[in-house]
A.B. asks: 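A single structure is presented below for examination.
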Amino acid sequence: MSFHYVSRAIIIQKNHLLVCHAKGDQNCYLPGGHIEIGEKAEYALKREIKEEICCDIAELSFFGVIENKWVNGNQEEFELNLIFKVSLDNLNYPDIPKSNEPHLTFSWLDLSKLESSKLEPNPLRIDLKNSYLRMPSYFRSTM
């Protein structure tokens, strides 16, 4: 089993969610990435957003946690996602950020299409739409 400890950003502007795609993959996910050992999750997210799209985080607040399990080929993968609501200094919808990482692309997902999207982990498809404005934080699991 492989373990991933990650920090992810919910970036919503004008009823659209910024999502990330690995080239060649149909699924999408929230921007962010791996937290290094000993690194604070908030710092990791600021670092990852800066590395991925050259944007600075203006504000962030904790949203929730999703633990997720899936199979990749013959290997089980497990991730713990620490998710933050984020606003950026220098990105505005409908501008699509250019990726600084050759294996990634970004796009804006209309929130009205969230449930039918390929957003992973899949609890976000319903929970994000239903709880983004109401709940201060939450915990979900696909295990």
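Note that the structure is predicted; figures quoted are calculated from it, not measured. For the single chain, residues carry numbers from 1 onward in sequence order.
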A.B. asks: Does Trp70 reach the main-chain N or O of Glu79 with its side chain, forming a donor-acceptor pair under 3.5 Å?
C.D. replies: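 No; zero donor-acceptor contacts below 3.5 Å.
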A.B. asks: Same cluster or not: are Ile53 and Val6 linked, directly or through other Ile, Leu, Val, Met, Phe, Trp or Tyr residues, by side-chain heavy atoms under 4.5 angstrom apart?
C.D. replies: no
A.B. asks: Establish whether Leu91 and Ile96 are linked, either directly or via other cluster members, by ILVMFWY side-chain heavy-atom contacts under 4.5 Å.
C.D. replies: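 As far as the 4.5 Å side-chain criterion goes, Ile96 and Leu91 are connected within one cluster.
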A.B. asks: Within a strict 4.5 Å, meaning less than it, do heavy atoms of the Phe106 and Val19 side chains meet?
C.D. replies: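 No - every pair of side-chain heavy atoms lies 4.5 Å or more apart.
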A.B. asks: Going by the angle between their ring planes, with limits at 30° and 60°, are Tyr93 and Trp108 parallel, tilted or perpendicular?
C.D. replies: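 Ring orientation, 0 to 90° scale: perpendicular.
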A.B. asks: To the nearest 0.5 Å, how far apart are OG in Ser107 and CG in Leu18?
C.D. replies: 7.5 Å
A.B. asks: Going by side-chain hydrogen bond (donor to acceptor under 3.5 Å, both in side chains), name the residues that satisfy it together with Gln13, two or more places apart in sequence or in a different chain.
C.D. replies: none
A.B. asks: Work out which heavy atom in Leu104 is nearest to a heavy atom in Ala22; give both atom names and the distance.
C.D. replies: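 So the two residues come closest at CD2-CA, 4.2 Å.
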A.B. asks: Could you give the distance from OG (Ser112) to NE2 (His16), rounded to the nearest 0.5 Å?
C.D. replies: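 Going from OG on Ser112 over to NE2 on His16, the span is 7.0 Å.
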A.B. asks: Whether the side chain of Asn27 engages the backbone of Leu119 through a donor-acceptor N/O pair (distance < 3.5 Å, no angle test) should be reported.
C.D. replies: no
A.B. asks: Hey, does the Lys NZ or Arg CZ of Lys46 hover above the aromatic six-ring of Tyr43, less than 6.0 Å from the centre and inside 45° of the axis?
C.D. replies: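 No.
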A.B. asks: Go through it in stages, so that I can follow the logic: the residues are Ile126 and Leu114, the test is side-chain contact (heavy atoms from CB on, under 4.5 Å), and I'd like the CA-CA distance, side-chain angles, deciding distance and then a yes or no.
C.D. replies: CA-CA 7 Å; Ile126 294 172; Leu114 198 55; over 6 Å; no
A.B. asks: Would you find more than 12 non-hydrogen atoms of other residues, nucleotides or ligands less than 6.0 Å from Gln75 atom CD?
C.D. replies: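 Yes, enclosed.
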A.B. asks: Does the side chain of His4 reach to within under 4.5 Å of the side chain of Phe78, using non-hydrogen atoms?
C.D. replies: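 Not in contact.
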A.B. asks: How long is the gap from CG on Asp25 to SG on Cys20, to the nearest 0.5 Å?
C.D. replies: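 That separation rounds to 10.0 Å.
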A.B. asks: Is there a side-chain contact (heavy atoms from CB on, under 4.5 Å) between Ser99 and Thr105 once you walk through the steps?
C.D. replies: CA-CA 6 Å; Ser99 175; Thr105 61; 5.7 Å; no
A.B. asks: What's the spacing between Glu101 CD and Glu48 CD if we round to 0.5 Å?
C.D. replies: 6.5 Å
A.B. asks: Out of curiosity, Phe3 CZ to Lys69 NZ, how far, rounded to the nearest 0.5 Å?
C.D. replies: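 It is 13.5 Å, given to the nearest 0.5 Å.
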A.B. asks: Please determine whether salt bridge (Lys or Arg N to Asp or Glu O under 4.0 Å) holds for the pair Glu39 and Arg47, giving the CA-CA distance in whole Å, both sets of side-chain angles, and the decisive distance to 0.1 Å.
C.D. replies: CA-CA 10 Å; Glu39 184 178 31; Arg47 176 182 49 75; 2.8 Å; yes
A.B. asks: Minimum heavy-atom separation for Gly32 and Leu45, please, with both atom names.
C.D. replies: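 Here Gly32 and Leu45 meet closest at CA-CD1, 3.8 Å.
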A.B. asks: Taking side chain as C-beta onward, heavy atoms only, is Glu77 less than 4.5 Å from Met1?
C.D. replies: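 Not in contact.
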A.B. asks: For the hydrophobic clusters of this structure (ILVMFWY residues joined by side-chain heavy atoms under 4.5 Å, transitively), does one cluster hold both Tyr29 and Val65?
C.D. replies: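 Cluster IDs for Tyr29 and Val65 match.
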A.B. asks: Measure the shortest side-chain to side-chain distance between Asn100 and Cys54 over non-hydrogen atoms and say whether it is less than 4.5 angstrom.
C.D. replies: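 Result yes, sub-4.5 Å side-chain heavy-atom pair found.
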A.B. asks: Between the main-chain N or O of Ile35 and the side-chain N or O of Ser7, is there a donor-acceptor pair closer than 3.5 Å?
C.D. replies: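 Not confirmed, Ser7 side chain does not pair with Ile35 backbone.
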A.B. asks: Please confirm whether the backbone N or O of Ala58 pairs with a side-chain atom of Ser87, one donor and one acceptor, at under 3.5 Å?
C.D. replies: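 Flag not set: sc Ser87 to bb Ala58 has no pair under 3.5 Å.
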A.B. asks: In the structure I gave you, are the side-chain heavy atoms of Pro31 and Ile49 within less than 4.5 Å of one another anywhere?
C.D. replies: yes
A.B. asks: Any side-chain heavy-atom pair from Ile66 and Leu124 closer than 4.5 angstrom?
C.D. replies: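 Counting from C-beta outward, Ile66 and Leu124 do come under 4.5 Å.
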A.B. asks: Is Ile10 close to Ile83 at the side-chain level, that is, under 4.5 Å between some pair of heavy atoms?
C.D. replies: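 SC-SC contact between Ile83 and Ile10 confirmed.
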A.B. asks: Take Leu111 and Ile12 through the test side-chain contact (heavy atoms from CB on, under 4.5 Å) and record every step on the way to the result.
C.D. replies: CA-CA 9 Å; Leu111 288 177; Ile12 294 179; 3.9 Å; yes
A.B. asks: The test is side-chain contact (heavy atoms from CB on, under 4.5 Å); show your working for Leu17 and Ile11 and say whether it passes.
C.D. replies: CA-CA 6 Å; Leu17 174 69; Ile11 302 166; 5.6 Å; no
A.B. asks: Any sub-3.5 Å donor-acceptor pair from Glu120's side-chain atoms to Asn122's backbone N or O?
C.D. replies: yes
A.B. asks: Which pair of heavy atoms, one from Pro102 and one from Lys23, lies closest together, and at what distance?
C.D. replies: O-NZ, 2.9 Å
A.B. asks: Would you check if Tyr5 and Asn81 make a side-chain contact, meaning some heavy-atom pair closer than 4.5 Å?
C.D. replies: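 In short, these two side chains do not touch, never coming nearer than 4.5 Å.
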A.B. asks: Once side-chain hydrogen bond (donor to acceptor under 3.5 Å, both in side chains) is applied, do any residues pair with Glu42, and if so which ones, sequence neighbours excluded?
C.D. replies: none
A.B. asks: Of all heavy-atom pairs between Val86 and Ala9, which one has the smallest distance, and what is that distance?
C.D. replies: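 It is CG2-CB, 3.7 Å.
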A.B. asks: With sequence neighbours left out, what residues match Asp56 under side-chain hydrogen bond (donor to acceptor under 3.5 Å, both in side chains)?
C.D. replies: Lys50
A.B. asks: Does the pair Phe62 and Phe84 meet the rule for a ring-ring contact (aromatic ring centres under 6.0 Å, His included), with working shown?
C.D. replies: CA-CA 4 Å; Phe62 183 70; Phe84 295 85; 5.6 Å; yes
